[in-house]
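Some notes on the structure that comes next.
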Amino acid sequence: MKLYKIKSIACIALMGLAVSSCDDYLDRPTEDGYDTSNYYSTDAQCRAGVNYLYNSPWYDFQRGFFKTGEVMSGNYYWGSSPYLTFTLDGSDADLANMSASLWAVNTHSTTVYNNIKNASGASEAVRNATMGECLAWKAMAYFYLVRTFGAVPIVHDPAEIINSQQSNSLHKAKISNVYDYVIMILEKAIELLPEKDPTNTGRIDKYCAKALLAKVYLTKAGFSESNTTYNPGTYSYITCTAHQRNAEDLKKAADLALDVIENSGRKLMENYADIFRGENNVCDEALFSWAWTMGAHWTCQNTFQSDLMIEGFDENGDCWGGWGGPSVDLQDAFNENALSLTRQNVDDRRKATLMMIGDHYDYFYADCGGFEIVKYCYGGYEADGHPGPGQWESPTGAHEVKHLYGNNADHARFYGSPAGRMAYALYTHILRLADVYLIYAEAAMGNNASSSDPKVLDIFYQVRHRSVKGYQYPTSITWEDIWKERRLELACEGDRWYDFVRRYYYDPQGAINEIKSQRRNEYYALNDLYKTYYESGAFNVDPSKHLYNNTIAAPNVTDRSFTIPLPSADISYNPLLMEAPEDFDLSGIAF
């Protein structure tokens with residue numbers, strides 16, 4: 001796989017920045033020009049040296065994270081994107097950037113870890129905590145790698161690989177080896193991390209790492225090398241057969257998740273929508289977050305709003321995402337219909353995820369009295385510098401909500417300054433406490449089709465009851481209940497595709513069938529329907545004109561679809577990546 005060319009890592013770790021290039025598979029970290037031998041000599045320096053791992057190396061993963069997690073999974077419509085149509089190949093630029101970013105995290109995390117380990121002067125508690133943070137991010141990167149690309153090389157110490165000139169002769173490790181490696185990394189991180197972040201600034205602590213380990217075990221439980229066929233010649237695809245999940249792994253996932261739920265001191269937030277607002281960048285709900293900042297250096301910032309929101313939404317001329325939107329299938333899951341003015345609003349998560357006609361948001365355009373998408377599209381907020389595009393853009397009838405900060409006044413209200421062009425400081429939560437609740441419910445249910453266990457019911461109830469008005473305490477829940485709840489709770493947070501991957505491991509036909517049955521296409525003539533309504537108040541649906549496009553065949557989802565192709569440039573650099581994975585001996589791994 002491609003590992004970022006790391007330029008001046010010593011300088012990066014010293015200054016808390018990250019720069020990157022896509023030139024080489026691996027490149028030697030610069031050893032001259034900057035001296036880190038005495039940098040990590042205070043607690044403040046150790047923490048500062050780790051800070052950038054929470055943003056910059058992840059920057060180029062943003063677009064691939066959303067296209068893979070949400071577009072491929074059927075939660076989001078993105079035009080004729082190959083992620084939507086399952087025609088993705090190794091030449092895709094977002095795919096290459098995603099891969100490079102994940103390998104960058106691995107390299108940066110390892111380098112900073114070794115720098116702190118070999119330094120002296122700082123307190124043992126802070127040295128351990130910051131080393132644990134490095135390992136937690138390294139584990140997160142590998143967890144994405146194995147779920148995205150399947151078998152990948154295990155590069156425990158990039159510098160060692162470089163020094164031995166092995167960077168273009170690495171073999172892929174078996175998928176089971178990679179999961180075992182991620183577990184090893186997290187177990188060491190848990191050993192090092194404090195039980196609670198002493199800075200209260202959103203740094204990873206022991207329970208955050210335990211939460212991630214629970215998710216790893218839930219995923220690993222479904223994978224079995226003995227139920228997997230590796231297809232020679234396709235180099236990145238696996239074929240799984242149906243089987244029972246590993247009971248021991250499920251128990252470990254349940255035990256870890258319950259430990260986090262009962263002993264971390266973290267609680268679910270009362271109001272679901274608040275989780276994704278700027279005042280809650282740091283909150284109980286957020287276990288792992290990309291902590292974007294408005295720094296002087298490119299790559300430390302969030303850019304999601306540009307890709308996901310309608311033209312002119314902010315003042316920086318950097319929004320071009322209006323021609324996509326949350327899918328019709330996701331709207332169906334929330335029992336919503338873009339061809340109706342009636343908003344169900346039974347589930348608070350719908351409005352916090354899907355922006356539809358009739359919705360009012362007091363947390364966007366707060367200086368204008370709030371935001372309404374239909375008013376913006378056709379009337380605009382021109383007195384406040386937002387004239388609007390003059391037309392409805394989303395072909396699905398919905399726009400994104402979670403990754404938006406709003407306008408410059410909204411941004412300044414929370415961060416003290418307006419946003420920049422493709423640069424904002426809203427955090428991206430990539431592992432949340434509610435996810436851990438649902439991990440427990442699923443893992444504790446095990447291979448059963450349902451559960452009436454009081455603990456399982458109570459934990460599931462806490463998640464659903466928070467958002468669904470009138471939801472009564474259940475007497476039993478099914479696996480399907482949890483599966484759907486995960487979709488509604490985590491929609492548009494980059495996670496859904498990875499749920500399909502882990503399901504494919506043990507229920508391949510079920511995963512394939514569900515994707516093929518989705519409504520992944522667009523509606524016709526929404527602009528005509530909505531414009532007439534805005535101008536006259538008449539909402540008259542003509543079934544022959546205003547209808548869902550059912551002329552496009554279901555995507556060609558096959559066994560190959562659940563392992564994304566490796567970037568072509570990586571294979572060109574290292575042809576060994578075309579070969580079958582090999583057993584990787586983890587006994588020599590040391591931290």
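Looking only at side-chain heavy atoms (C-beta outward), E442 and L250 stay at 4.5 Å or farther from each other. Residues W58 and L102 meet the side-chain proximity criterion, which asks for heavy atoms closer than 4.5 Å. In this structure the side chain of V456 reaches within 4.5 angstrom of the side chain of I477, judged on heavy atoms. Put simply, the side chain of Y363 reaches to within 4.5 Å of the side chain of V401, judged on heavy atoms.
Here M445 contributes atom CE and I482 contributes atom CD1; the two are 3.5 Å apart, rounded to the nearest 0.5 Å. Here L431 contributes atom CG and I439 contributes atom CD1; the two are 6.5 Å apart, rounded to the nearest 0.5 Å. Of the inter-residue distances, the one linking S306 atom OG with D314 atom CG reads 6.5 Å to the nearest 0.5 angstrom. Between the OG atom in S101 and the CZ atom in R63 there is a gap of 13.0 Å [rounded to 0.5 Å]. Taking CD1 of I310 as the start and CD of E400 as the end, the distance is 13.5 Å to the nearest 0.5 Å. Interatomic distance, F334 CZ to M356 CE, rounded to the nearest 0.5 Å: 11.0 Å.
Applying the side chain to side chain donor-acceptor pair (under 3.5 Å) rule to Q301 yields no partners; only residues at least two apart in sequence or on another chain are considered. Taking the side-chain contact (heavy atoms from CB on, under 4.5 Å) definition, one finds that A93 meets it with nothing, sequence neighbours left out. Taking Y59 as the reference, W298 meet the side chain to side chain donor-acceptor pair (under 3.5 Å) condition, with sequence neighbours excluded. With sequence neighbours left out, K351 forms a salt bridge (Lys or Arg N to Asp or Glu O under 4.0 Å) with no residue at all.
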Residues N75, S327; criterion side-chain hydrogen bond (donor to acceptor under 3.5 Å, both in side chains); working and verdict: CA-CA 5 Å; N75 271 355; S327 70; 5.1 Å; no

Output, in order, the C-alpha distance, side-chain angles, deciding distance and verdict of ring-ring contact (aromatic ring centres under 6.0 Å, His included) for F371 and H360. CA-CA 6 Å; F371 183 83; H360 177 90; 8.8 Å; no

What do the steps show when you test Y415 against L426 for side-chain contact (heavy atoms from CB on, under 4.5 Å), and what is the final call? CA-CA 9 Å; Y415 311 116; L426 179 67; 3.4 Å; yes

Show your working on side-chain contact (heavy atoms from CB on, under 4.5 Å) between W78 and L308 and close with a plain yes or no. CA-CA 10 Å; W78 198 303; L308 301 177; 4.1 Å; yes

side-chain contact (heavy atoms from CB on, under 4.5 Å) assessment of Y473 paired with D458: CA-CA 8 Å; Y473 198 94; D458 180 65; 3.3 Å; yes

Can you list the steps and then say if W292 with Y54 is a ring-ring contact (aromatic ring centres under 6.0 Å, His included)? CA-CA 7 Å; W292 307 114; Y54 286 77; over 10 Å; no

Check the pair N345, R350 against side-chain hydrogen bond (donor to acceptor under 3.5 Å, both in side chains), reporting the backbone distance first and the verdict last. CA-CA 7 Å; N345 288 332; R350 195 284 303 168; 2.7 Å; yes

Can you check ring-ring contact (aromatic ring centres under 6.0 Å, His included) on F66 and Y76, steps first, answer last? CA-CA 9 Å; F66 199 85; Y76 206 86; 4.9 Å; yes

CA sep, side-chain torsions, deciding dist, call: Y405, H411, ring-ring contact (aromatic ring centres under 6.0 Å, His included): CA-CA 6 Å; Y405 67 83; H411 194 279; 5.1 Å; yes

Evaluate the side-chain hydrogen bond (donor to acceptor under 3.5 Å, both in side chains) criterion for residues K138 and T110: first the C-alpha distance (whole Å), next the side-chain angles of each, then the deciding distance (0.1 Å), finally the verdict. CA-CA 7 Å; K138 180 183 177 80; T110 305; 2.8 Å; yes

Residues K206, E191; criterion salt bridge (Lys or Arg N to Asp or Glu O under 4.0 Å); working and verdict: CA-CA 8 Å; K206 191 183 300 290; E191 176 188 324; over 6 Å; no

Under the criterion side-chain contact (heavy atoms from CB on, under 4.5 Å), I'd like the reasoning laid out for R277 against F364: C-alpha separation, chi angles, the key distance, then a yes or no. CA-CA 10 Å; R277 307 279 58 86; F364 296 137; 3.8 Å; yes

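The closest side-chain donor-acceptor pair between H399 and S394, if any, does not fall under 3.5 angstrom. Using a 3.5 Å distance cut-off with no hydrogens or angles, the side chains of Y376 and H386 do not pair a donor with an acceptor.
With respect to the salt-bridge test (charged N to carboxylate O, under 4.0 angstrom), the residues D255 and K251 qualify. Classification of D410 and R413 as a salt-bridged pair holds, one side-chain N sitting under 4.0 Å from a carboxylate O. With respect to the salt-bridge test (charged N to carboxylate O, under 4.0 angstrom), the residues D348 and K469 qualify. One finds no salt bridge joining K484 and D481 here, because no Lys/Arg side-chain nitrogen approaches an Asp/Glu carboxylate oxygen to under 4.0 Å. With respect to E124 and K117, no salt bridge is recorded, no charged nitrogen being found less than 4.0 Å from a carboxylate O. Look at R432 and E493 and you find a salt bridge, because one of the NZ, NE, NH1 or NH2 atoms lies within 4.0 Å of a carboxylate O, short of that distance. A salt bridge is defined here as a Lys NZ or Arg NE, NH1 or NH2 lying under 4.0 Å from an Asp or Glu carboxylate O, and D435 with R486 meets this definition. Salt bridge present: D495 and K215 bring a charged side-chain N and a carboxylate O closer than 4.0 Å. Checked for salt-bridge contact, D259 and K210 meet the test: a charged N lies under 4.0 Å from a carboxylate O.
Taking each heavy atom of T303 and Q62 in turn, the nearest pair found is N-OE1, 3.0 Å. Of all heavy-atom pairs between K402 and A352, the closest is CG-O, 3.4 Å.
Legend: ring pair (Phe, Tyr, Trp, His ring centres under 6.0 Å) pairs involving residues 184-220, not counting sequence neighbours: none detected. Within the structure, every pair that satisfies the salt bridge (Lys or Arg N to Asp or Glu O under 4.0 Å) test and touches residues 260-272, not counting sequence neighbours, is listed here: D205-R266, E262-K455.
Taking the centre and axis of the six-membered ring of F500, the NZ or CZ atom of R496 falls inside the cone set by 45° and 6.0 Å. Taking the centre and axis of the six-membered ring of Y381, the NZ or CZ atom of K375 falls inside the cone set by 45° and 6.0 Å. With Y498 as the aromatic partner, R147 meets the cation-pi criteria of under 6.0 angstrom to the ring centre and within 45 degrees of the ring axis.
Within a 6.0 Å radius of NE2 in H465, other residues, nucleotides and ligands contribute 12 heavy atoms or fewer.
Of the candidates Y113, Y142, F591, H156 forms a ring pair (Phe, Tyr, Trp, His ring centres under 6.0 Å) with just one, namely F591. Exactly one of Y427, F304, F313, F276 qualifies for a ring pair (Phe, Tyr, Trp, His ring centres under 6.0 Å) with H403. That residue is F304.
Taking the six-membered ring wherever Trp is involved, the centroid distance between the rings of F65 and W290 falls below 6.0 Å.
Distance alone, capped at 3.5 Å, is enough to place a donor-acceptor pair between the R421 side chain and the N316 backbone.
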